[in-house]
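Basis for what follows: all heavy atoms, side chains included, without hydrogens, waters or symmetry-related copies. Residue numbers begin at 1 in each chain, while the letters A, B, ... track the order of the sequences.
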Protein chains: 2
Amino acid sequence: MAPKVMTPALLDQLAERFKALGEPARLQLLSALRQREQTVSQLVQSTGLGQANVSKHLQLLCSAGFIARRRAGIFAFYTLADDGVFALCDLMCGRIERSHREQRAALKLAR
Amino acid sequence: MAPKVMTPALLDQLAERFKALGEPARLQLLSALRQREQTVSQLVQSTGLGQANVSKHLQLLCSAGFIARRRAGIFAFYTLADDGVFALCDLMCGRIERSHREQRAALKLAR
DNA sequence: TTGCCACATTACTATTTAGTTATATGTCAA
DNA sequence: TTGACATATAACTAAATAGTAATGTGGCAA
């Protein structure tokens, strides 16, 4: 995977998915769904975001393949499509931590 | 890493970095840099993007910590900060491939 | 049916951002 | 110095997008 030379189409798909994760509100939704499957109202409640806003973000995450929708009567339950998303977040968090460490080290040296 | 409950600050930093990867032009630049360290002009040449545009994208990738800058006389050489970025791309590409497989499988079933 | 509820969608505003053109900065050579 | 070159920055336009308020849609209960 991630062949050395990537076609424009692959670049677009990659970018589309990274962009889907490039929004705090959506990461918050994913993080909330990590606990358990939830309805839209529950997510509105637990995130403090507006209903229409949550609905839109969920559509986007859905079409990017990160979450799935299940209809039950009046409710729409959203759930993680798989928890591979968090492997991505783990990697990225690792980068963040490392850069923080390096910043601190640089400050020490400069002192 | 990627603690179960993420602070707003961490969510913002995560999102910022994912957003940096959420642009085909920037992925293209990273992909080009995978081969070797390159100057801005070389990247302009190899990507077909405008000079000012490339420069801006490079700044952004730099401040997101994905690449580093080295000054040599008249030139600015950009290089990957580390190739951990491609681990992220690998994971994401894996997701893309899987979703393609699932789409194909769904089509077969529906036929 | 009627009304209510959960969610989706539309229409809109404000903000962000990709891309471009023009210009500024900085380095080297003559 | 002057001029040429590489890169950065500023100013701007056009497009994308987050957020919101209002409305639409569909299922359930009475």
Side-chain angles (χ1 to χ4, degrees), chain A residues 8-9 11-33 36-80, chain B residues 8-9 11-33 36-80:
Chain A
L11 286 176
D12 282 350
Q13 294 181 62
L14 257 182
E16 184 198 344
R17 281 164 169 81
F18 278 125
K19 194 182 295 188
L21 299 184
E23 188 63 26
R26 286 192 287 271
L27 292 177
Q28 205 182 341
L29 287 168
L30 289 173
S31 174
L33 289 176
R36 62 184 171 286
E37 184 185 53
Q38 285 181 68
T39 68
V40 177
S41 320
Q42 287 176 316
L43 288 167
V44 167
Q45 174 104 13
S46 65
T47 60
L49 302 168
Q51 183 264 319
N53 197 15
V54 165
S55 199
K56 274 201 335 188
H57 283 310
L58 290 173
Q59 305 301 317
L60 199 153
L61 286 170
C62 219
S63 73
F66 290 113
I67 61 178
R69 206 181 96 113
R70 177 175 71 85
R71 184 88 199 211
I74 251 182
F75 300 96
F77 282 92
Y78 284 91
T79 180
L80 292 178
Chain B
L11 287 175
D12 282 349
Q13 294 182 61
L14 257 181
E16 184 198 344
R17 280 164 170 82
F18 278 125
K19 193 183 295 188
L21 299 183
E23 188 63 26
R26 286 193 286 269
L27 292 177
Q28 205 183 340
L29 287 168
L30 289 172
S31 173
L33 289 176
R36 63 184 170 288
E37 184 185 53
Q38 283 181 68
T39 69
V40 177
S41 321
Q42 287 175 317
L43 289 167
V44 167
Q45 173 104 13
S46 65
T47 59
L49 302 169
Q51 183 264 320
N53 197 15
V54 166
S55 199
K56 275 201 333 187
H57 283 310
L58 290 173
Q59 304 301 317
L60 199 153
L61 286 171
C62 219
S63 71
F66 290 113
I67 62 178
R69 205 182 97 112
R70 175 175 73 86
R71 184 87 198 214
I74 251 182
F75 300 96
F77 283 92
Y78 283 91
T79 180
L80 293 179

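Following rounding to the nearest Å, A/Asn53 (CG) and C/dT13 (P) show an atom-to-atom distance of 18 Å. Following rounding to the nearest Å, B/Leu60 (CG) and D/dA8 (P) show an atom-to-atom distance of 13 Å. For the pair A/Leu49 CG and C/dC7 P, the interatomic distance rounds to 15 Å; values are reported in whole Å. The separation between A/Gln42 atom CD and C/dA6 atom C1' is 12 Å, rounded to whole Å. When rounded to the nearest whole Å, the span between CD of B/Gln59 and P of D/dA6 equals 18 Å. Distance, B/Gln38 CD to D/dA6 P: 15 Å, rounded to whole Å. The CG atom of B/Leu21 sits 12 Å away from the P atom of C/dA18 (whole-angstrom rounding). We find that CD of A/Gln45 is positioned 12 Å from P of C/dA6, with the value rounded to whole Å.
Of the candidate nucleotides C/dC7, D/dA6, D/dA8, D/dA8 has the atom lying nearest to any side-chain atom of B/Ala76. Closest to the A/Ala52 side chain, of the nucleotides C/dT9, C/dC7, C/dA18, is C/dT9. Checking C/dT10, C/dA6, C/dA8 against the side-chain heavy atoms of A/Lys56 singles out C/dT10 as nearest. In this structure, the nucleotide among D/dC5, C/dC7, D/dT17 sitting nearest to the side chain of B/Ile74 is D/dC5.
Here A/Gln28 contributes atom CD and B/Asp12 contributes atom CG; the two are 9.5 Å apart, rounded to the nearest 0.5 Å.
The shortest heavy-atom contact between B/Leu33 and B/Tyr78 is CD2-O, 3.3 Å. Here the shortest heavy-atom pairing between B/Ala25 and B/Leu49 reads CB-CD1, 3.9 Å. Among all heavy-atom pairs drawn from B/Ala20 and B/Leu60, the shortest one is CB-CD2, 3.6 Å.
When the side-chain nitrogen and oxygen atoms of A/His57 are compared with OP1 and OP2 of D/dT17, none of them lie within a distance under 4.0 Å. The side chain of A/Arg69 contributes an N or O atom lying less than 4.0 Å from OP1 or OP2 of C/dA8. Between A/Arg26 and D/dA18 there is a side-chain N or O to OP1 or OP2 distance below 4.0 Å. OP1 or OP2 of C/dC7 has not a single side-chain nitrogen or oxygen of A/Ser55 nearer than 4.0 Å. For C/dA6, neither phosphate oxygen OP1 nor OP2 lies less than 4.0 angstrom from any side-chain nitrogen or oxygen of A/Thr39.
Nucleic acid contact class of A/Gln51 (heavy atoms, under 4.0 Å, all strands): base. As judged by a 4.0 angstrom heavy-atom cut-off over every strand, A/Tyr78 is placed among residues touching the sugar-phosphate backbone only.
A/Arg71 places a side-chain N or O within 3.5 Å of a backbone atom of A/Gly73 that can act as its donor or acceptor partner.
Between B/Leu58 and A/Glu23, the residue whose closest nucleotide on DNA chain D is further toward the 5' end is B/Leu58.
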